[in-house]
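A quick write-up on the structure given underneath.
Below, all heavy atoms of this structure are taken into account, side chains as well, without hydrogens, waters or symmetry copies.
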Amino acid sequence: MKKVSFHDIVQHERFNTKVITYNELTHSPEAAYQKFQIKPVDAYRLLRPYLQSKVFEQLKAVMPLTIYLALFQILILRQPVADASIILGGMLAVIFGLMFFMEGLRLGLMPFGEVIGNKLPQKSTLPVVLLIAFLLGIGVTFAEPAIGALKAAGANVDPKSAPYLYALLNHWPGMLVLVVGGGVGLAAVLGTLRFIYDWSLKPLIFLTVIPTLLITLYSMQHPELVHLIGLAWDSGAVTTGPVTVPLVLALGIGIASAAGSGNQSLSGFGIVTLASLFPIMGVQLLALYIHSTVSVAEIEALSHFMNKAPAFWYETTPYVEIIAGIRAIVPLVLFLGLVLVFLLRDRLQNAQVVMLGLAFSVVGMIIFNLGLTYGLAKLGGQAGEMIPGAFTGIESIKESPLYWFSMGIAITVLFAFALGFGATLAEPALNALGMTVERLTNGAFKKQTLMMAVSLGVGIGIAVGVSKIIFDWSLAWLLIPAYLFALVLTVLSSEEFVNVAWDSAGVTTGPVTVPLVLAMGLGLGQAVGVVEGFGILSMASIGPIITVLLTGLWIKLRCMRQEKAALKTAMDAKES
């Protein structure tokens, strides 16, 4: 008798089952669904609960941070919020932009990823599949909402103090995002191969982190490159947002399922880690290339010319936000459509709904970009510029310093910790990760324990990042020991906890947190007179990795003690 695996049965049912619609089952047109007219008031009553839930979902992500920053500025720093009405309008634009974008992602972009992920391995060879995964990684990076904050960060950089940082953010922002996208593409390829061949994540982490740290050490030796370290490490936090993770995971898991391999209980873990690490290496290599091919004199001359040249209409608001929103979504959709039609020779079900979702994505991205300009960036930058008034004298606050030095520093660090802790605890993706981890570990790693560990790590990381800017510490000397410590913990930890810990950093960097923290860091750096204010996001990424690994080791030790105690009790009972 020939044995048939359960996986083969599932795959046969999955790819050889014909879906029959209700209309096909009904023979008479009268019995099928018929169009009917509804009044506007009925349409409103139908849509109101749905819209309320979607708006409330984004309100929970945006408003607590907004209120916290505003109250801190008013009550602790004793300063009113400048341009409050404009910032409020911008934050409302962020809320409605994210609502439209996330709904468009669900209705429009995700069906593409699911269909391609399921059917691509059936109709193409592995090299073609990996090429599609690589190109998809680049495309989704351009579509990330938070990537606009990275490109907008160049406005506060002085070309004389940090010429190569200024050049990368102002002269070559497209190249910067392309390299970041290339890193995500490579992560998608490697993550897909890992799904197929069931590779352990530990060697991949060592093979990625160690070369990245070595490049960072090399960059420290050059005064022109040292200011690019923060940008490179922060860029890894920007890539793991609401577009990259679902689409790339849908493709990778679909390929692994079609190939009939992969550890299904851990499917999805690891690719977020690689998508965070590869862009860091890519940006540092791009910086080395620009440093070797472009002189400081050329950068200063180009910046002088750009400052004097009048801006074109498409370089001014709101046109720049509109063009950026279209450019982020449309090329990605065209690429996915070409793959579906010409490579897979297939079509989407419910095409009208998908088109509506894609329209929602474009509109949502445009509104979000406007909210980023007038809301998140303004609020974060203003808070960052005001914070130093707690411990030192600044022009914008007449009574500064408001507190004695040590007290002002303590207030600032506690503010940063509470910002990171609260924002992470309210992140919906963290709640979803916690439930998944609790299920996979059979309750050993509780959801609440994971959420507290990740939030604590992010809070400590942001506090350390803010301290780095205030005291002008070298970011490399913070990152290198932290990552080496994380690698030691990785060796001691089991595969399950390694997967969870290294991926936990990705769920903390949402489309609201990244622009806000990035703008706050740059504003703080400008206020205290440091060359650049990058580094907070990178510290917020390594923090939860360490805290989750430590928590995992503690849980493992506790389980071992419980097993020993139970075994001893059983042996004592047997002897008696």
Fill in the blank from the handout: For A423 and T513, the nearest pair of non-hydrogen atoms, with its separation, is CB-OG1, 4.4 Å

Problem - Donor + acceptor pair across side chains of T373, E321 (<3.5 Å) - result: yes

Handout entry: Neighbour count >12 (heavy atoms, 6.0 Å) for atom CZ, F342
Key = no

Exercise for the section: Inspect the surroundings of CZ in F206 and state if more than 12 heavy atoms from other residues, nucleotides or ligands are less than 6.0 Å away. Expected result: yes

Handout entry: From E385 atom CD to I394 atom CD1, the distance as rounded to the nearest 0.5 Å
Key = 8.5 Å

Exercise for the section: Compare every heavy atom of S219 with every heavy atom of L225, then report the nearest pair and how far apart it is. Expected result: CB-O, 3.7 Å

Exercise for the section: Indicate the atoms forming the closest heavy-atom contact of L475 with G230, along with that distance. Expected result: CD2-CA, 3.3 Å

Problem - Validation row: T212, L277 side chains within 4.5 angstrom (heavy atoms) - result: no

Handout entry: Exam field: side chain Q221 to backbone L217, donor-acceptor pair closer than 3.5 Å
Key = yes

Problem - T66 side chain to V62 backbone, donor-acceptor under 3.5 Å - result: yes

Practice task
Report yes or no: does Y374 contribute a side-chain atom to a donor-acceptor pair with the main-chain N or O of A93 at less than 3.5 Å?
Solution key: no

Fill in the blank from the handout: The reported gap from OG in S474 to CD1 in I229 (rounded to nearest 0.5 angstrom) is 6.0 Å

Practice task
Mark yes or no for whether D472, through its side chain, and V530, through its backbone, hold a donor-acceptor pair below 3.5 Å.
Solution key: no

Exercise for the section: Mind listing the closest non-hydrogen atom pair of A486 and I545 along with its distance? Expected result: CB-CG2, 4.2 Å

Handout entry: Aromatic centroids of F72 and F415 separated by under 6.0 Å
Key = yes

Handout entry: Side chain to side chain, P388 and I470, heavy atoms closer than 4.5 Å
Key = no

Fill in the blank from the handout: Heavy-atom closest pair (F134 atom, G182 atom, distance to 0.1 Å) is CE1-O, 3.6 Å

Problem - Side chain E298, main chain S295, donor-acceptor under 3.5 Å - result: yes

Handout entry: Residue pair K468, E532: steps toward the salt bridge (Lys or Arg N to Asp or Glu O under 4.0 Å) verdict
Key = CA-CA 11 Å; K468 171 259 176 191; E532 46 86 19; 3.5 Å; yes

Exercise for the section: Report the C-alpha separation of L213 and L484 in whole Å, then their side-chain angles, then the decisive distance to 0.1 Å, and conclude whether the side-chain contact (heavy atoms from CB on, under 4.5 Å) test is met. Expected result: CA-CA 9 Å; L213 293 178; L484 290 176; 4.1 Å; yes

Problem - Flag, side chain of D234 to backbone of S538, donor-acceptor distance under 3.5 Å - result: yes

Exercise for the section: Could you tell me which non-hydrogen atom of V140 sits nearest to which non-hydrogen atom of L332, and how far apart they are? Expected result: N-CD1, 4.0 Å

Practice task
Taking the side chain as every heavy atom from C-beta outward, state whether L372 and V94 have any atom pair closer than 4.5 Å.
Solution key: no

Handout entry: Separation between CG of D83 and CG of L88, rounded to the nearest 0.5 Å
Key = 12.0 Å

Problem - Y164 OH to I299 CD1 distance, which is reported to the nearest 0.5 Å - result: 5.0 Å

Fill in the blank from the handout: From the list I387, I87, L69, side chain to side chain contact (heavy atoms under 4.5 Å, CB included) with Q382 holds only for I87

Handout entry: Polar side chain donor-acceptor pair, W502 to T490, under 3.5 angstrom
Key = yes

Problem - Donor-acceptor contact present, side-chain Q73 to main-chain P80, <3.5 Å - result: yes

Handout entry: is_close_aromatic(F534, H227), centroid dist under 6.0 Å
Key = no

Exercise for the section: Just say parallel, tilted or perpendicular for the rings of F421 and F417, cut-offs at 30° and 60°. Expected result: parallel

Exercise for the section: Begin with the C-alpha distance, continue with both residues' side-chain angles, and end with the deciding distance and a verdict on ring-ring contact (aromatic ring centres under 6.0 Å, His included) for F101 and F368. Expected result: CA-CA 8 Å; F101 178 78; F368 177 82; 7.7 Å; no

Exercise for the section: Nearest 0.5 Å please: distance from the CG atom of N170 over to the CG atom of L165. Expected result: 8.5 Å

Practice task
Evaluate the side-chain proximity of V238 to V180: yes if any heavy-atom separation is below 4.5 Å, no if none is.
Solution key: no

Exercise for the section: Measure the spacing between CG of L65 and CE of M520 and express it to the nearest 0.5 Å. Expected result: 10.5 Å

Exercise for the section: Please determine, by modelled atom types, if T216 and W233 share a side-chain donor-acceptor pair under 3.5 angstrom. Expected result: yes

Handout entry: Worked check of side-chain contact (heavy atoms from CB on, under 4.5 Å) between Q58 and F96
Key = CA-CA 8 Å; Q58 301 307 326; F96 284 99; over 6 Å; no

Practice task
Let me see the working for I205 and L487 under side-chain contact (heavy atoms from CB on, under 4.5 Å), right down to the final yes or no.
Solution key: CA-CA 8 Å; I205 290 174; L487 291 178; 3.9 Å; yes

Exercise for the section: Give the intermediate values and the outcome of side-chain contact (heavy atoms from CB on, under 4.5 Å) for residues V413 and S467. Expected result: CA-CA 7 Å; V413 172; S467 302; 3.6 Å; yes

